[in-house]
Amino acid sequence: MHAGAFFAEAAKICATIDTQKIEVLANELAALRDRRGRLFILAVGGSAGNASHAVNDFRKLCGIETYTPVDNVSELTARANDEGWETIFAGWLEVSRVNANDALMIYSVGGGDLERNVSVNIIRGIEFAQARGAKVFGIVGKSSGYTAKKGDVVVVIPETAPQWVTPLAEGFQAVVWHCLVSHPVLQINRTKW
């Protein structure tokens, strides 16, 4: 049965995910808030929907000034049309004056791959932010991608079933960020339920 098999893989991820890395990420985000830095969440595809939701949670529950460029489709499509898809995030981060007090959070299945020309906009955003001293965090589905290799603290969703890397990685982005926003070092406002 599909549902049983899918949830069995989710259980494997729950049992094998690097929870210590999540703890480190929680502490890094608390330090970001303490230094009054901003969190910029970069994502494309299904992960972009997660980015919008996470912005709300980090702002409302944790008091972290958080933004995602994917919430402004007009600017992103203008940048893609005028300058190219590859630089949409770098251009947005430049206008946002990203600096050493700030951090990126990457939500991505693969995390970017220059050789395969996948999510190069995320890679260019990472390069731009790192050149300005910002930290790079991530929740990704591949340890072989650019984000996992170049980021400061990156939680990699264990790849338990190759045929379901995308749905499990995107689903567990939500599990990990909800773990973070309910973490005692981060949460300053309770949820309603």
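Nothing fancy with the numbering, it's 1 onward along the sequence.
Residues forming a side-chain hydrogen bond (donor to acceptor under 3.5 Å, both in side chains) with Thr160 (at least two apart in sequence, or on another chain): Glu9. With sequence neighbours excluded, the residues satisfying ring-ring contact (aromatic ring centres under 6.0 Å, His included) with Trp164 are His2, Phe6. His178 is linked by a ring-ring contact (aromatic ring centres under 6.0 Å, His included) to His53, counting only residues two or more places apart in sequence or in another chain.
Between the side chain of Arg33 and the backbone N or O of Gly63, no donor-acceptor pair lies under 3.5 Å. Using a distance-only test at 3.5 Å, with no hydrogens or angles considered, no donor-acceptor pair links the side chain of Arg59 to the main chain of Asp57. In terms of modelled atom types and a separation under 3.5 Å, the side chain of Asn189 and the main chain of Lys60 share a donor-acceptor contact. Between the side chain of Ser144 and the backbone N or O of Lys142 there is no donor-acceptor pair closer than 3.5 Å. Arg124 places no side-chain N or O within donor-acceptor distance of the main-chain N or O of Glu86, the cut-off being under 3.5 Å. Side-chain N or O atoms of Asn27 include one that pairs as donor or acceptor with a backbone N or O of Glu23 at under 3.5 Å. Panel note: side chain Gln130, backbone Lys150; a donor-acceptor pair is recorded below 3.5 Å. Of the possible polar contacts, one joining the Asp102 side chain to the Asn99 backbone as a donor-acceptor pair under 3.5 Å is found. Of the possible donor and acceptor atoms, none in the side chain of Asp113 sits under 3.5 Å from a partner among the backbone N and O of Val118. Under the 3.5 Å distance criterion, the side-chain polar atoms of Ser108 are left unmatched by any main-chain donor or acceptor of Val140.
Taking both residues in full, the closest heavy atoms of Cys62 and Val181 are given as SG-CA, 3.6 Å, listed atom of the first, atom of the second, then distance. Nearest heavy atoms, Phe89 versus Ala43: CZ-O, 3.4 Å.
In this structure, CD in Gln163 is found 8.5 Å from CG in Leu168, a value given to the nearest 0.5 Å.
For the 3.5 Å distance criterion, the side chains of Asn50 and Trp177 fail to qualify, holding no donor opposite an acceptor.
Judged by the 6.0 Å and 45° rule, Arg132 forms a cation-pi pair with Phe128.
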